[in-house]
Amino acid sequence: MYRTHTCGELRVENIGTKVTLSGWLQKNRDLGGMTFIDLRDRYGITQIAFNMETNAELCTQARKLGREFVIQVTGEVAERYSKNKKIPTGEIEIIATDLKVLSKSEVPPFTIEDQTDGGEDILMKYRYLDLRRNPRQQALMLRHKMSIAVRNYLDKQGFIDVETPVLIKSTPEGARDFVVPSRMNEGNFYALPQSPQVFKQLLMVAGYDRYYQIVKCFRDEDLRADRQPEFTQIDCEMAFVEQEDILNTFEGMAKHIFKMFKNVDFNEPFKRMPFSEAMAKYGSDKPDLRFGMEINNLTEISKGKNFKIFDDAEYIGGICAVNVVDKFSRKAIDKLTDFVKKPQIGAQGLVWIKYDADGTFKSSIDKFFGAEDLQQIAQKFDAKPNDIIFLISGNYDKSLKILGDLRLELAKELNLIDNNKFAPLWVVDFPLVEWNEETNRFHAMHHPFTSPKPQDISMLETEPAKVRANAYDFVVNGVELGGGSIRIHDSEVQRKMFDTLGFTPEEAQNQFGFLMNAFKYGAPPHGGIAYGLDRWVAMFNNSESIKDVIAFPKNNSGKDVMIDSPSPVSKEQLDELKLLIKKD
RNA sequence: GGUCUGGUAGUUCAGUUGGUUAGAAUAUCGGCCUGUCACGCCGAGGGUCGCGAGUUCGAGUCUCGUCCAGACCGCCA
């Protein structure tokens, strides 16, 4: 028997008990006459004491043990002379009588501590050592508990877990597919699913009216802190439902896990905000509602003052920062101007209006705007003395996006964000399609099976960009935690949709024929949602990056530096697959 | 594909205007130490300054290229 207890469970009640513990040597404190060892496993740390006076041979042996040795210790639980209040086992120690090295360790490249001395690169390369650290173990245990909670909740609601294939068919819509060559079908490829979308719809056709799966999805796109090439979705689909039914069901699930893991009660229904409002007020389809500073449209009242830039602009909008005018020296405003002029943000310039403490206005457009004009703008914001207003003008969509970025930047700079707050909402009424400049055609904003709003269907052939979809995103604190839609279950509507997206009937049949055929045999009205498990766990774990809550994540370039993948394959493998690597 | 930041000891970092033998902390190793728990004290070893070229009497420092890492933009139905 390797152990009678874990390293986290012994307390004063166990004093006098003979125990055996196994674990990793966290730290060896050699005091000469005595040696203390901190023994660690995932349950905690227990101190082992060795004494030269009582057992010189064993103590000498203990002094030689290095960090991260795996050892087994037998001894008696004793009360400490000097107690450590910082850890749960701090009142006891083990007086060792036997010691066995189960496995030696080389000196690890970084310290296995909560605050490690290792940098990103080396932690990734030795991920298995990084994962020994307590914060990592806590994160993975949180993920485990959240998965269980989700499964239990959905099970109680009558959802059944059905696995769907991983080797599927590549489709032209959406993200780039990861492809897998088929040996038995020369020149043909599987694709890894971007989501189990069509399969869950087929399950609805098959009559499994409540489906869920916690499932890996794959997208071959460039990465971010909150994006990995493989990530995990809580994927759900329901039949005989309208949008309202889905929102209610999954709002219930969201509230359940907020209560369970953060002890947060949401007594009111989550806010529902149309996409158009989110863009107009927050310049984002995933607004952070932890703070105000909403965007105001100033187009009407800012034109006709002989300021050419405004007069030529399609849109003029602004945001107002409250009671901080003294923080905006010339230098601070220049810095902010530099921020919005960065190529990533893309503004041409930044107009400011200071509402000074004495009630007067100063602005970068004083030449064109008199006190009354500025007062009129200030009124739009209900601005008070000591406030400052920033204006952006230009193209409607772009200006709003810039204002949205500026709003977030200001909130960060001015510390307006309460990190203990959760501000959830549903963003609804997304556009069905958006114009893509590169391909010169409409692309589905969500996916090609998303149902248009019935009252908008008539515009599908005339003004597709104006058609709203029965699509929704779940957003918390400016992070998109999930999204979904009501699907099309009518072949005629689906045909129109493919037509709008520029598919010929033959292409549609070739790509999605199996789904359209299925719909010929009685498809129930259905819809669904997918929550991003990684993002959700990261948020509850207060992590900046989803890498923190994935055991073996990939780096910025999609590489796993631990196993060194992706990597070349042998010529034999390529031959077998009838593949040639093209050299350029 | 683009923008920005970084790469110096095992690790995390400092390194002034281009100028002597490239430092600190931590880790490691050796010695001392009987109540430590970030143990303490003394000592030691440890460097292709990412790589390549250039400017210069002289480059960790300046220039160009390149590789790697990170954040962001494009992209992500």
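Bear in mind that the values here come from a model prediction, so they are computed numbers and not experimental data. Residue numbering restarts at 1 for every chain, and letters A, B, ... go by the order of the sequence lines.
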Donor-acceptor pair under 3.5 Å, A/Arg80 side chain vs B/C37 base: yes

A/Arg67 vs B/U28: side-chain N/O to OP1/OP2 distance below 4.0 Å: yes

A/Lys331/A/Asp334 salt bridge by N-O under 4.0 Å criterion: no

Per A/Asn555 side chain, nearest of listed nucleotides B/A69, B/C37, B/C75: B/A69

Assigned partner base of B/U34, Watson-Crick or wobble definition, under 3.5 Å: none

Selected nucleotide, minimal atom distance to A/Arg219 side chain, candidates B/C33, B/C76, B/G35: B/C76

Distance test, side-chain N/O of A/Lys85 to OP1/OP2 of B/C37, below 4.0 Å: no

Electrostatic pair A/Glu230:A/Lys216 at N-O distance under 4.0 angstrom: yes

Rounded distance in Å - CG (A/Asn28) to P (B/G40): 14 Å

SB check A/Asp338 A/Lys335 (cutoff 4.0 Å): no

Touch class at under 4.0 angstrom, heavy-atom based, for A/Phe110 against every strand present: nothing

Which residue lies more 5' along RNA chain B, comparing A/Met124 with A/Met445 via nearest heavy atoms: A/Met124

Rounded distance in Å between the P positions of B/U16 and B/C75: 42 Å

Nearest to side-chain heavy atoms of A/Asn84, which nucleotide of B/C37, B/C75, B/A27: B/C37

Minimum-distance pair of heavy atoms, taken over all atoms of A/Asp235 and A/Ala530: OD1-CB, 3.7 Å

Proximity to the side chain of A/Gln344 - top-ranked nucleotide from B/C76, B/C68, B/G2: B/G2

Base B/G70 to side chain A/Arg224, donor-acceptor N/O within 3.5 Å cut-off: no

A/Lys286 bridged to A/Asp473 by N-O distance under 4.0 Å: no

Sugar-phosphate, base or nothing in reach of A/Ile87, heavy atoms under 4.0 Å: nothing

Residue A/Ala225, side-chain atoms from C-beta onward, closest of B/U36, B/A71, B/G1: B/A71

Sugar-phosphate, base or nothing in reach of A/Glu93, heavy atoms under 4.0 Å: base

Donor/acceptor link under 3.5 angstrom from A/Asp222 side chain onto base of B/G74: yes

From B/C76, B/U3, B/A71, nucleotide with atom closest to A/Pro343 side chain: B/U3

C1' atoms of B/C32 and B/C39, separation to the nearest Å: 14 Å

Any A/Arg29 side-chain nitrogen or oxygen under 4.0 Å from OP1 or OP2 of B/C39: yes

Rounded distance in Å between the C1' positions of B/A53 and B/C67: 15 Å

Under-4.0 Å side-chain N/O to phosphate OP1/OP2 contact, A/Ser557 with B/A69: yes

Side-chain N,O (A/Asn556) to OP1/OP2 (B/A71) below 4.0 Å: yes

Pair partner, B/G45 [Watson-Crick or wobble, under 3.5 Å]: none

Closest listed nucleotide, where the reference is the side chain of A/Val107 and the choices are B/U3, B/A27, B/C33: B/A27

Integer-rounded Å distance: B/A25 P and A/Asp117 CG: 15 Å

Nucleotide nearest A/Pro109 (side chain, heavy atoms from C-beta), chosen from B/C37, B/G10, B/U3: B/G10

Aromatic ring pairing A/Tyr126/A/Tyr128, orientation class (parallel under 30°, perpendicular over 60°, tilted between): perpendicular

Most 5' of A/Gly119 and A/Gln194 on RNA chain B, judged by nearest nucleotide: A/Gly119

Rounded distance in Å between the P positions of B/U56 and B/G1: 35 Å

Whole-Å gap separating C1' (B/G2) and NZ (A/Lys342): 14 Å

P spacing across the pair B/U36 / B/G31, given as an integer number of angstrom: 23 Å

ring centroid sep under 5.5 Å plus plane angle under 30, A/Phe36 with B/U36: yes

Separation of the P atoms in B/C37 and B/A22, to the nearest angstrom: 36 Å

4.5 Å side-chain heavy-atom contact, A/Phe218 and A/Pro193: yes

Sugar-phosphate only, base, or nothing, as touched by A/Lys83 at under 4.0 Å among non-hydrogen atoms: base

Closest contact, heavy atoms only, A/Thr89 versus A/Arg80: O-NH2, 4.0 Å

For atom CD of A/Glu438 and atom C1' of B/C75, their distance in whole Å: 9 Å

Assigned partner base of B/C76, Watson-Crick or wobble definition, under 3.5 Å: none

Phosphate OP1/OP2 of B/C39 contacted by A/Lys27 side-chain N/O (<4.0 Å): yes

Integer-rounded Å distance: B/A38 P and A/Glu113 CD: 10 Å

Inter-nucleotide C1' distance (B/G6, B/U17), Å rounded: 23 Å

Mate of B/C64 where both pairing distances stay under 3.5 Å, Watson-Crick or G-U: B/G52

Length of the CD-P vector between A/Gln115 and B/U12, whole Å: 15 Å

Between B/C37 (P) and A/Phe50 (CZ): distance, integer Å: 18 Å

Partner nucleotide of B/C57 by Watson-Crick or wobble geometry (both distances under 3.5 Å): B/G19

Identified pairing partner of B/G10, criterion: Watson-Crick or G-U wobble below 3.5 Å: B/U26

Note: A/Asp405-A/Lys401 ion pair, threshold 4.0 Å (strictly below): yes

Euclidean distance, atom CD of residue A/Glu437 to atom P of B/G74 [Å, nearest integer]: 14 Å

Nearest-angstrom distance, P atom, B/U26 to B/C62: 30 Å

